[in-house]
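This structure is a prediction, so every number in the text was calculated from the model and none was measured.
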Amino acid sequence: MAPSTTVSSGPGSASAIGIRTAIVPAAGLGTRFLPTTKAVPKELFPVVDTPGIEYVAREAAEAGAKRLVIVTSPGKDAVAQYFQPQPELEETLERRGKTELLAKVRVAPGLLAVETAIQDEPLGLGHAVSCAEPNLEPEDEAVAVLLPDDLVLPTGVLGRMAGIRARYGGTVLCAFDIPRAEISPYGVFDVEDTDDPDVKKVNGMVEKPAPEDAPSTYAAAGRYLLDRAVFGALKRITPGAGGELQLTDAIAMLIAEGHSVHVVVHRGGRHDLGNPGGFLRAAVDFALVDPEYGPDLREWLRGRVEE
Ligand code: UTP
């Protein structure tokens, strides 16, 4: 699987069918990356030279989103600052004739309009998403949520999810088909088939089941197309595991109330940037196809692995 970094809005792009606003929750503590996350938000760690959150913002823009609401916490201002233009830096690069670097630093500010919502305390993903509700506009009948530590490759699944929402309405999630023996770390969907083998109707969800108890082999990924009704459910759920408000509890409540929820099964790759092991894999995967660093790295890795 080659990492995809394309930014394009192809035919059938989701903008035509409704993704205007994307929410990226980035207010977590990043404990798995301590001690570094004492000072640097994990969302800004570079995968080769570009932070994960830029890849996710590119994916949202490619899917047609015009606005990105980044949920940050006090002390994580650098995440939103990353999307601000830097006129002095740009001028210096221009003067020095560094055109390639100039193009790179201009990508993030040019992708889409970025605004922030503040989550004062890390009370869970559901709570983080609810913090972005005041940023929504009346036209936002549904919003995309992208977890910045989950790279879903190749990009494009949001567009397919928007197509499924256009057909069935409601909320659409993204799933990976995982070998049953490896299913335990994931949230797993209880599903029934539709006429499309890659689209399932969701009847429920189980967090981190033992392989024999998993209702399917379809595991949740960090891409959501949430009907606005989810914000109502987020107000009605009670804190779950660890005192946190879980997004999956709000979705489960809606399913129980008859709300339509489907998953699109993404047949591709993913990288979990949220832990050092997954992050290193992503960095190596992206570096191997980098024209500047790839050839040397490949050579070095071969020798190093044989040692
Ligand atoms: P994670 O659980 O992967 O991130 O949440 P975390 O809590 O920062 O990481 P660890 O477990 O302590 O290492 C997925 C995404 O949701 C955001 C995180 O920033 C991450 O991007 N999140 C999580 C919030 O914005 N607020 C929360 O209260 C929890």
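Atom-to-atom distance recorded for F279:CZ and D272:CG is 11.5 Å, nearest 0.5 angstrom. Taking CG of N203 as the reference point, atom CZ of F189 lies at 12.0 Å (rounded to 0.5 Å). Considering CD of Q246 and CD1 of I251, their distance stands at 11.0 Å, rounded to 0.5 Å. The structure places OG1 of T21 at 9.5 Å from CG of L68, a figure rounded to the nearest 0.5 Å. To the nearest 0.5 Å, atoms CD (E192) and OG (S216) are separated by 12.0 Å. Separation of atoms CG (D49) and CG (D290) is listed at 7.0 Å; rounding is to 0.5 Å.
T37 places a side-chain N or O within donor-acceptor distance of the main-chain N or O of G30, the cut-off being under 3.5 Å. Under the 3.5 Å distance criterion, the side-chain polar atoms of D140 are left unmatched by any main-chain donor or acceptor of A142. Put simply, the side chain of T171 gets close to the backbone of D227: a donor and an acceptor are under 3.5 Å apart. Not a single donor-acceptor pair under 3.5 Å links the side chain of R96 to the backbone N or O of E91. At least one donor-acceptor pair under 3.5 Å links the side chain of K76 to the backbone N or O of G28. Under a 3.5 Å cut-off, the side chain of K200 and the backbone N or O of P197 do form a donor-acceptor pair. Checking side-chain atoms of R223 against main-chain N and O of D150 turns up a donor-acceptor pair under 3.5 Å. A side-chain donor-acceptor contact under 3.5 Å links H266 to the backbone of L153.
Sorted by first and then second residue, the salt bridge (Lys or Arg N to Asp or Glu O under 4.0 Å) pairs with a member in residues 113-127 read R67-E115; sequence neighbours excluded. Within the structure, the side-chain hydrogen bond (donor to acceptor under 3.5 Å, both in side chains) test picks out the following pairs touching residues 228-244 (sequence neighbours left out): E133-K235, R236-E257.
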Would you please test L102 and R106 for side-chain contact (heavy atoms from CB on, under 4.5 Å) and show each step?
-> CA-CA 6 Å; L102 188 59; R106 283 180 172 160; 3.7 Å; yes
Hey, mind stepping through T155 and E62 against side-chain hydrogen bond (donor to acceptor under 3.5 Å, both in side chains) and telling me if it holds?
-> CA-CA 8 Å; T155 57; E62 180 189 330; 2.8 Å; yes
With ring-ring contact (aromatic ring centres under 6.0 Å, His included) as the test, would you mind laying out the steps for F33 and F45 before giving the verdict?
-> CA-CA 10 Å; F33 265 112; F45 291 177; 4.9 Å; yes
What's the verdict on side-chain contact (heavy atoms from CB on, under 4.5 Å) for E54 and E43, showing C-alpha distance, side-chain angles and the deciding distance?
-> CA-CA 9 Å; E54 178 172 320; E43 294 80 8; over 6 Å; no
Derivation and outcome, side-chain contact (heavy atoms from CB on, under 4.5 Å), residues V284 and L301 = CA-CA 10 Å; V284 170; L301 273 175; 3.8 Å; yes
Audit row: C131, Q119, side-chain contact (heavy atoms from CB on, under 4.5 Å) steps and yes/no = CA-CA 6 Å; C131 290; Q119 185 189 29; 3.9 Å; yes
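Between D195 and R167 there is a salt bridge, since a side-chain N of the basic residue sits under 4.0 Å from a carboxylate O of the acidic one. Contact check on D193 versus K201 returns no salt bridge, with no Lys/Arg side-chain nitrogen under 4.0 Å from an Asp/Glu carboxylate oxygen. No salt bridge links K104 with E100; every basic N to acidic carboxylate O contact stays at or beyond 4.0 Å.
At least one side-chain heavy atom of R298 sits under 4.5 Å from a side-chain heavy atom of L288. By the 4.5 Å heavy-atom criterion applied to side chains, R32 and K42 are counted as neighbours. Inter-residue side-chain proximity for Q86 and V105 is flagged as unmet; no heavy-atom pair is nearer than 4.5 Å. Counting only heavy atoms from C-beta outward, the side chains of D198 and R160 approach each other to under 4.5 Å. V79 has its side chain out of reach of Q81: every pair of non-hydrogen atoms, C-beta onward, lies at least 4.5 Å apart. With a 4.5 Å cut-off on side-chain heavy atoms, M205 and V188 do not count as touching. Counting heavy atoms from C-beta outward, V263 and M161 have side chains that stay 4.5 Å or more apart. Counting heavy atoms from C-beta outward, T50 and Y55 have side chains that approach closer than 4.5 Å.
When the side chains of ILVMFWY residues are joined at heavy-atom separations under 4.5 Å, either directly or via intervening members, L273 and Y82 end up in a single hydrophobic cluster. Cluster membership check: V40 shares its hydrophobic cluster with V48, using side-chain heavy-atom separations under 4.5 Å among Ile, Leu, Val, Met, Phe, Trp and Tyr. Linking Ile, Leu, Val, Met, Phe, Trp and Tyr residues whenever their side-chain heavy atoms come within less than 4.5 Å leaves V143 and L225 in two separate clusters. Cluster annotation: V202 and I183 are assigned to distinct hydrophobic clusters (Ile/Leu/Val/Met/Phe/Trp/Tyr, side-chain heavy-atom contacts under 4.5 Å, transitive). L173 and V129 fall within a single hydrophobic cluster, where Ile, Leu, Val, Met, Phe, Trp and Tyr are joined by side-chain heavy atoms under 4.5 Å apart, directly or via other members.
Enclosure of atom CZ in R281 is not indicated, since only 12 or fewer non-hydrogen atoms of other residues, nucleotides or ligands lie within 6.0 angstrom. The environment of CD in E212 is crowded: more than 12 heavy-atom neighbours from other residues, nucleotides or ligands sit within 6.0 Å. Few gaps surround CD on E137; more than 12 heavy atoms of other groups in view lie less than 6.0 Å from it. No more than 12 heavy atoms of other residues, nucleotides or ligands sit less than 6.0 Å from atom CD of E299. Shown here is R302, whose CZ atom has no more than 12 heavy atoms of other residues, nucleotides or ligands within 6.0 Å.
In terms of heavy-atom proximity, F176 sits nearest to G269 at CZ-O, 3.5 Å. For the residue pair A181 and P211, the shortest heavy atom distance occurs at O-CG, 4.3 Å. Minimum interatomic distance between A117 and V69 (heavy atoms only, all atoms of both residues): CB-CG1, 4.0 Å. The two residues C174 and V157 have their closest heavy-atom pair at SG-CG2, 4.0 Å. Closest approach of E182 to P185, counting heavy atoms only: O-CD, 3.2 Å. The two residues I19 and A63 have their closest heavy-atom pair at CB-O, 4.2 Å.
Looking only at atom types and distance, the side chain of H271 has a donor-acceptor partner in the side chain of D285 under 3.5 Å away.
With L125 as reference, L247 is the one residue of V71, L245, L247 to meet the side chain to side chain contact (heavy atoms under 4.5 Å, CB included) rule. Screening I23, I53, V152, V56 for a side chain to side chain contact (heavy atoms under 4.5 Å, CB included) with L146, the sole residue that qualifies is V56.
When the ring-ring contact (aromatic ring centres under 6.0 Å, His included) test is applied to H127, no partner is found at least two apart in sequence or on another chain.
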